[in-house]
Protein chains: 2
Amino acid sequence: MVTIQDVAKEAGVSAATVSRVLNNNHSVSIKTREKVKKVIKDLNYQPNLLGRNLRRMETRMVLVFLYNISNPFYSKIVEGMETIAHKNGYNVLMCNTNAKIETEQIYLNFIKNKLVDGIIFTSPAMRHKALSELAKDYPIVLCNEYERNTQAPVVTIDNEEAGYDAVNHLIRLGHKKIALIGSCQVRSGYERELGYRKALKEVGIEINESYIIRDVGSYKGGIIGVKKLLALKEKPTALFCISDLIAIGAIKQLKKNKLRVPEDIAVIGFDNNRIANMYDPSLTTIAQPRYDIGKKAMELMIKRIKGNLTSNPIIKLQHELIIRDSTLPIMQ
Amino acid sequence: MVTIQDVAKEAGVSAATVSRVLNNNHSVSIKTREKVKKVIKDLNYQPNLLGRNLRRMETRMVLVFLYNISNPFYSKIVEGMETIAHKNGYNVLMCNTNAKIETEQIYLNFIKNKLVDGIIFTSPAMRHKALSELAKDYPIVLCNEYERNTQAPVVTIDNEEAGYDAVNHLIRLGHKKIALIGSCQVRSGYERELGYRKALKEVGIEINESYIIRDVGSYKGGIIGVKKLLALKEKPTALFCISDLIAIGAIKQLKKNKLRVPEDIAVIGFDNNRIANMYDPSLTTIAQPRYDIGKKAMELMIKRIKGNLTSNPIIKLQHELIIRDSTLPIMQ
DNA sequence: ATATTATATGTAATGGATTACATTTCACCA
DNA sequence: TGGTGAAATGTAATCCATTACATATAATAT
């Protein structure tokens, strides 16, 4: 392996000078600089960053914890993070946590052992107390999911407001019997349910608790939810699903029961998952500003790493209602 | 920050002994070991792996290049990789390359700069010559996509055989006018087309070149492909799409033209993407043994890192035809 | 021409952990 | 009890690059 010493010897200078060339230190004469650069090229020298990182006690790497990379929701978020990171000389790495605390612990060692400079959580499994402790000692940023009491910077949307907007859309279409399929286990789900309740209450629709199917998630959850709802005497005419995957499961099950969407039942999803537009019918949904969420999260992270962030702000970015076929108004 | 020296001083031993305790070296007396462990705990000492890695000149990290994390196809593959990696004391990190050579170059520095021990490519943008050069100097494994001439270990499936099986399934259902939507820009696509040709030729169906829509990909490609096919005088009765996303785009466009799947046109996809089962109709497709592909790739990687792999094997694992609604035989 | 300052480069310490080698300790045996 | 070998521990070099500080050289001012 070629080291900085080899380059120095070959170029007839000291390692310090080579280092200065590598780091674009201005106090190297043009002649020397060119000479060193040539040797670097000739020897195909690649600096060993383990040495640099040890010396500087930083790695310029940020690790992103993902529940699972298969969740396409996060791809745009990560892109946003990468944009800001690269602009600041940082790199972004990702890992799967599978929402398991044990897996999180494994990868948490990356920051404890100085292998990365910071960690961004997208859907933490560990609880807010542990997270807050962690955030005291290390640069931590939460992206999307968080618990109210967590002492760490957060970037997210106003989920209650978004849930409100979704349900309001259904109300404006004339629906009165509106069901919800979701989970209040994560805060985002809980807040979306709050928005659902707020919207109904506001127009004087009494909340029918049997219309609220909780603690089911993802595609299968949508199927289960619809089965439960169709077993009711008074069936809903509209469905607010707190994720697009739930919505897709729900629609599939509705179709199985020969119910048409949106003619018989309108369905609205959440996230504007890539599949939302591809599905048949295409899904009305709430889009999150994913790219900007990622950018903002990385901005906070880099500030935090550099010690320029002392408070723990909770930043909420603007969501958007996207109307597609699954809630089209029906010609009577 | 607490260092190994601090622990040593506090425990009244040398740093070497602390290091031995950390690494479970047997030549430490039980008494000393317990004493050191207690101090480690009391001081909440976290070893700085930058030091260890520099000394050992290894990081026990493997980086996986993903075209984009939003491609759900790779999640199971990564899971397989993680299983084997963790079993061997390695960790898996991922990054987005967006199939851009420039981005690949950025992350390639990770291995050149000794920040990771190996890189697994899932869909390399760089060409086989550069890859082969790289593989000479560094542990590189290719997973799924590869070019014939690449001098590096490869784990994949027999794409020609899989394409053959897919088309054969359509033939057995009685179809004669079978179209293909795909891309021969990646080798897997090219090979699947070979399988398509082989299957048709075998039963004496002449190949209609206008039934082959090339160089379109993903969801939009499916839409474009169907538009082209429906413009033909003699429309096909079956469609082999070389990915599930293409198939979904195709079906969406077919429906738009009031064509029913599978009644009017049968459609088969490829990959057994998660959405394949969720879509309406659910997709007949070719499933790749993704978990096993990931496991195998990581096995090769670790062998290669340890210097126990000198050849460049091309390992092909077994695929499987999964029959669902999109090709159900039609009752006449 | 000398003093002063700026520029360029080198020397050596540093970061934290590991490990080859050296030394000490201790148990056991003759 | 002295000798032997094994076990336990310590010393110091090492991994590679960076950087504070020292020194040498060149440029400028007086």
Side-chain angles (χ1 to χ4, degrees), chain A residues 1-40 43-61 89 109-117 138, chain B residues 1-40 43-61 89 109-117 138:
Chain A
M1 202 183 64
V2 185
T3 71
I4 201 170
Q5 303 293 344
D6 301 326
V7 175
K9 196 181 289 176
E10 182 71 17
V13 297
S14 72
T17 298
V18 179
S19 175
R20 289 188 188 103
V21 172
L22 287 175
N23 293 287
N24 286 315
N25 188 313
H26 57 285
S27 76
V28 179
S29 70
I30 295 178
K31 211 175 121 196
T32 309
R33 166 168 277 117
E34 291 310 317
K35 186 171 59 180
V36 171
K37 276 190 176 169
K38 184 171 182 319
V39 174
I40 287 176
L43 299 185
N44 189 26
Y45 165 69
Q46 307 280 358
N48 183 328
L49 289 202
L50 293 175
R52 173 185 298 175
N53 291 347
L54 173 60
R55 182 60 228 249
R56 293 199 177 147
M57 211 51 84
E58 66 163 15
T59 60
R60 296 194 152 251
M61 293 211 249
N109 286 327
F110 275 65
I111 197 168
K112 293 182 179 171
N113 296 329
K114 300 273 185 293
L115 295 177
V116 299
D117 293 347
Y138 306 104
Chain B
M1 202 181 63
V2 185
T3 71
I4 201 171
Q5 303 293 344
D6 301 326
V7 175
K9 195 180 289 177
E10 182 72 17
V13 298
S14 72
T17 298
V18 178
S19 175
R20 290 187 187 103
V21 172
L22 287 174
N23 294 286
N24 285 315
N25 187 314
H26 58 286
S27 76
V28 179
S29 70
I30 295 178
K31 211 176 120 198
T32 308
R33 164 168 278 117
E34 291 310 317
K35 188 172 55 181
V36 170
K37 277 190 174 169
K38 186 171 181 317
V39 174
I40 286 176
L43 298 186
N44 189 26
Y45 164 68
Q46 306 278 359
N48 183 328
L49 289 202
L50 292 175
R52 173 185 296 173
N53 291 346
L54 173 60
R55 180 61 227 242
R56 293 202 177 141
M57 211 50 81
E58 64 162 18
T59 60
R60 295 194 154 254
M61 294 211 249
N109 286 327
F110 274 65
I111 196 168
K112 293 182 177 171
N113 296 329
K114 300 274 184 296
L115 294 177
V116 300
D117 293 347
Y138 306 103

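Just so we're on the same page: letters track the sequence lines, and every chain starts at 1.
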Nearest 0.5 Å, please: how far is OG1 in Thr32(A) from CD in Glu34(A)?
10.0 Å
Is the base of dG15(C) touched by the side chain of Arg52(A) through a donor-acceptor pair closer than 3.5 angstrom?
no
Is Thr17(A) close enough to dG10(C) that one of its side-chain N or O atoms is under 4.0 Å from OP1 or OP2 there?
yes
Flag, side chain of Arg33(A) to backbone of Val28(A), donor-acceptor distance under 3.5 Å:
yes
Let me know the distance between CZ of Arg60(A) and P of dA17(D), rounded to the nearest Å.
18 Å
Taking atom P of dC15(D) as reference, at what distance in whole Å does atom CE of Met1(A) sit?
9 Å
For atom NZ of Lys114(A) and atom P of dA17(C), their distance in whole Å:
10 Å
Once rounded to the nearest 0.5 Å, what's the spacing between atom CZ of Phe110(B) and atom CG of Leu49(A)?
8.5 Å
Ignoring backbone atoms, establish whether Thr32(A) has a side-chain N or O less than 4.0 Å from OP1 or OP2 of dT9(C).
yes
Rounded to the Å, how far apart are Asn53(A) CG and dG16(C) C1'?
13 Å
Kindly compute the distance separating OG1 (Thr59(B)) from CG (Leu115(A)), expressed to the nearest 0.5 Å.
8.0 Å
Can you tell me if Arg20(A) touches the phosphate of dG10(C), counting only side-chain N or O atoms and a distance under 4.0 Å to OP1 or OP2?
no
Rounding to a whole Å, what distance do you find between Leu49(B):CG and dC16(D):C1'?
17 Å
Categorize Ser27(B) for me: base, sugar-phosphate, or nothing, with a 4.0 angstrom heavy-atom threshold over every strand shown.
base
Name the closest nucleotide to the Ala16(B) side chain, picking from dT18(C), dT19(C), dT9(C).
dT19(C)
Among dA17(C), dA8(C), dT9(D), the nucleotide that comes nearest once only the side chain of Tyr45(B) is considered
dA17(C)
Quick check: on DNA chain D, is the nucleotide nearest His26(B) upstream (toward 5') of the one nearest Met57(B), or the reverse? Name the residue that is more 5'.
His26(B)
Just so I know, are the side chains of Asn23(B) and Arg52(B) near enough to count as touching, which here means a heavy-atom distance under 4.5 Å?
yes
Measure CZ/Arg56(B) against C1'/dA20(C) and give the value in whole Å, please.
15 Å
Just call it for Val18(A): base, sugar-phosphate, or nothing, with non-hydrogen atoms closer than 4.0 Å on any strand.
nothing
To the side chain of Ser19(A), which of dT19(C), dT18(D), dG16(C) is closest?
dT18(D)
Counting side-chain heavy atoms from C-beta on, which of dG10(D), dA17(D), dT9(C) comes nearest to Arg55(A)?
dA17(D)
Can you identify which nucleotide, out of dG16(C), dT11(D), dA8(C), has its nearest atom closest to the Leu54(A) side chain?
dG16(C)
So, the side chain of Asp6(B) versus the backbone of Thr3(B): is there a donor-acceptor pair under 3.5 Å, distance only?
yes
Once you apply a heavy-atom cut-off of 4.0 Å, does Ser29(A) come out as touching a base, just sugar-phosphate, or nothing?
sugar-phosphate
d(CG, Leu50(B); P, dC16(D)) in whole Å:
15 Å
Give the rounded distance in Å between these two atoms: CG of Asn24(A) and C1' of dT19(D).
16 Å
Choosing from dC16(D), dA17(C), dG10(D), which nucleotide comes nearest the side chain of Ile4(B)?
dA17(C)
For dG15(C) and Thr3(B) - does any side-chain N or O of the residue sit under 4.0 Å from the phosphate oxygens OP1/OP2?
no
